Amino acid sequence: LRPARAVVPAHRASGGTAGNAAPNAQSGPCIVLSCSGAFCRHARILPCIRHSSMTPTSLPGAPFFAYREGALFVEDVRLADVAREHGTPVYVYSQAAMLAALGASQRGFEGRKVQICYAMKANSSLAVLQLFARQGCGFDIVSGGELQRVLAAGGEPSKVIFSGVGKTRAEMRQALQAGIGCFNVESESELEVLNDVATSLGQRAPVSIRVNPNVDPKTHPYISTGLKGNKFGVAHERTVATYQRAAALPGLRVVGIDCHIGSQITEETPYLDAVDRMLDLVRDIEAAGIPIHHIDFGGGLGINYNGDAPPAADALWTKLLAKLDARGYGDRQFMIEPGRSLVGNAGVCVTEVLYVKPGEQKNFCIVDAAMNDLPRPAMYQAFHAIVPLRAATPANGGEHLYDVVGPICESGDWIGRDRRLAVQPGDQLAVLSAGAYCSSMGSNYNTRARPAEVLVNGGQAHLIRSRESVEDTFRCEKLAP
């Protein structure tokens, strides 16, 4: 499969377009939803290009990302046009995809008292926060900086819950003065510190204890948070005693219980197991005379990266609520903390092929996006589908197997392994499912400026983050005397 040609620099490229899994693409109809608000209402038929290994309807992010007449679109905007205007690498998000994902959770809780708190660490861009705030969402934060972002985006502080194992006194003070809705307390020692801070301000901090139920979420160990060996939450067997201590402290006011077992969960069983254990605790806590006003299920629902089939959000929440109803807790206030499931498949990273480099053991497709822009593959060995912005044509030449890698001086700087592509320098690719934990985890490693971000709404593409300049990367630095 090694191409019979030498390395070709981009400036000598012939200007061909990128190929996909098969050069014999065929045209066919593709259903695209028209979305308004949180729900998709109508469908229209548009021409699409179908490929033998990945059809438009199978693309993660479909139908909001789909081929039309050989070009990859996000909603009604051609991705190649975004790249032409804003350069590469560039993140592009679909507003309709985010609202459709949110709508699934809203349907699952229809008729219930629920507050959806977006876990903003997944994607903390101000325009994304603004979108969810306008839909009535609250926010799950893990730092004082994230609280400032929520307020800057127009979020309501009373709908903010503050999670995280390492809240500082300054952050606690900041959150209390802002009037947030709840602290998810993660240790017994944190209770004592929060009590001190609250009493010094003459306030009572609203608290929920995050329970570690020792439930295996069956996900990557780095994003598993509900096992005994994880740093998060209070051990199941210590929970009642911790609630009794919280109720006795003058600066605290117990309002709820919280559980978050991990991220990218693709099975319903871990959720159902965790709910059973949580409800056992609610029973025991209330038997000790401490009322629980809200139950927070956390988040962690997975998305489709590579044929993953997580449960639909509305179906999952319906099953969980049936459990609560059966045990007499169906009238409580509920909270969930979705992050990845709302934004993950709503974004792509568009990147340009710089060089193709044949080798004895590996062929490399070197692109201008790197591990600083999109760190999930390097950090978690994560899979992201990679597709061309233009469907394959005979002019692209044959397909070859490539490792798609970035320019950073690390062997760990890769975006995809063993991908079958027909590419030439100058072609553009889309890294799919890049809406969560990609840009938000980016860095300036190798003094690389972070990419621009664009939010698409129908036929309009809005720049929501300007591309950094190199000067931006060292703006806060000073030379020594």
Side-chain angles (χ1 to χ4, degrees), residues 115 117-122 124 126 129 133 137-212 222-223 225-226 228-236 238-260 263 285 290 292-294 296 298-299 335 337 339 440-441 443 476-477:
Q115 179 62 63
C117 293
Y118 169 58
M120 61 176 289
K121 57 184 176 290
S124 58
L126 289 180
L129 304 184
C137 290
F139 296 91
D140 172 47
I141 67 169
V142 293
S143 73
E146 288 192 340
L147 176 56
Q148 286 186 253
R149 278 187 171 270
V150 167
L151 299 178
E156 297 180 35
S158 63
K159 294 181 179 179
V160 170
I161 53 178
F162 195 165
S163 304
V165 301
K167 307 175 190 73
T168 66
R169 287 177 179 268
E171 288 175 323
M172 292 174 178
R173 188 175 300 109
Q174 173 193 5
L176 284 165
Q177 291 172 335
I180 71 163
C182 184
F183 290 85
N184 282 343
V185 175
E186 307 231 13
S187 66
E188 295 175 63
S189 56
E190 183 187 331
L191 278 179
E192 306 295 334
V193 173
L194 181 56
N195 176 69
D196 288 346
V197 175
T199 53
S200 73
L201 294 174
Q203 295 191 33
R204 296 183 70 202
V207 298
S208 171
I209 306 297
R210 177 171 175 174
V211 178
N212 184 323
Y222 286 6
I223 52 178
T225 62
K228 280 187 175 181
N230 300 137
K231 68 181 180 180
F232 299 95
V234 173
H236 188 273
R238 288 289 308 161
T239 300
V240 175
T242 305
Y243 268 95
Q244 289 173 323
R245 178 58 180 162
L249 291 170
L252 304 183
R253 175 169 54 91
V254 173
V255 295
I257 188 169
D258 171 61
C259 177
H260 177 73
S263 189
I285 294 163
I290 305 168
I292 298 296
H293 303 288
H294 77 245
D296 187 341
M335 292 186 179
E337 305 165 10
S440 65
M441 293 176 66
S443 74
C476 294
E477 300 179 43

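Keep in mind that this is a model prediction, so the values were computed, not measured. No hydrogens, no waters, no symmetry mates; every other heavy atom, side chains included, goes into these values. Heads up: numbering here begins at 1 and tracks the sequence.
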So, are Glu186 and Lys167 salt-bridged, with charged N and O less than 4.0 Å apart? no
Distance-minimising heavy-atom pair for Val254 and His293: O-CD2, 3.9 Å
Side-chain heavy-atom pair Glu192, Leu249 within 4.5 angstrom cut-off: yes
Which value, rounded to the nearest 0.5 Å, describes the distance between Ser189 atom OG and Leu194 atom CG? 11.5 Å
Do any N or O atoms from the side chain of Ser163 and from the backbone of Asn184 form a donor-acceptor pair under 3.5 angstrom? no
Once rounded to the nearest 0.5 Å, what's the spacing between atom SG of Cys182 and atom CZ of Arg253? 8.5 Å
Gln174 CD to Leu147 CG distance, which is reported to the nearest 0.5 Å: 4.5 Å
On a heavy-atom basis, which atom in Leu126 and which in Ala152 lie closest, and how many Å separate them? CD2-CB, 4.2 Å
Does the pair Phe183 and Leu252 meet the rule for a side-chain contact (heavy atoms from CB on, under 4.5 Å), with working shown? CA-CA 10 Å; Phe183 290 85; Leu252 304 183; over 6 Å; no
Using side-chain heavy atoms (C-beta onward) and a distance below 4.5 Å, is Leu151 in contact with Pro157? yes
For Gln177 and Leu201, which heavy atoms make the closest approach, and how far apart are they? NE2-CD2, 3.9 Å
Which atom of Ala122 lies closest to which atom of Ser440, heavy atoms considered: O-OG, 3.0 Å
CZ/Arg173 to OG1/Thr168 distance, rounded to the nearest 0.5 angstrom? 8.5 Å
Of Ile285, Val211, Leu191, the residue whose pairing with Thr242 passes side chain to side chain contact (heavy atoms under 4.5 Å, CB included): Leu191
Begin with the C-alpha distance, continue with both residues' side-chain angles, and end with the deciding distance and a verdict on side-chain contact (heavy atoms from CB on, under 4.5 Å) for Ser143 and Glu171. CA-CA 7 Å; Ser143 73; Glu171 288 175 323; 3.8 Å; yes
In Å, rounded to the nearest 0.5 Å, how long is the span from CD of Gln115 to CZ of Phe139? 9.5 Å
Using 0.5 Å steps for rounding, measure from the CD1 atom of Ile161 to the NE2 atom of His294. 7.0 Å
Shortest non-hydrogen separation from Ala133 to Gly155 and the atoms involved: CB-CA, 4.1 Å
Hey, is the main chain of Asp258 close enough, under 3.5 Å, to the side chain of Ser208 for a donor-acceptor pair? yes
If you look at every heavy atom in Val234 and Thr239, which pair is closest and at what distance? O-OG1, 4.0 Å
Got a salt bridge between Arg245 and Glu188, using NZ or NE/NH1/NH2 to carboxylate O under 4.0 Å? no
Can you find a pair of side-chain heavy atoms, one from Val160 and one from Glu146, that are under 4.5 Å apart? no
Salt-bridge present (Lys121, Asp140; N to O < 4.0 Å): yes
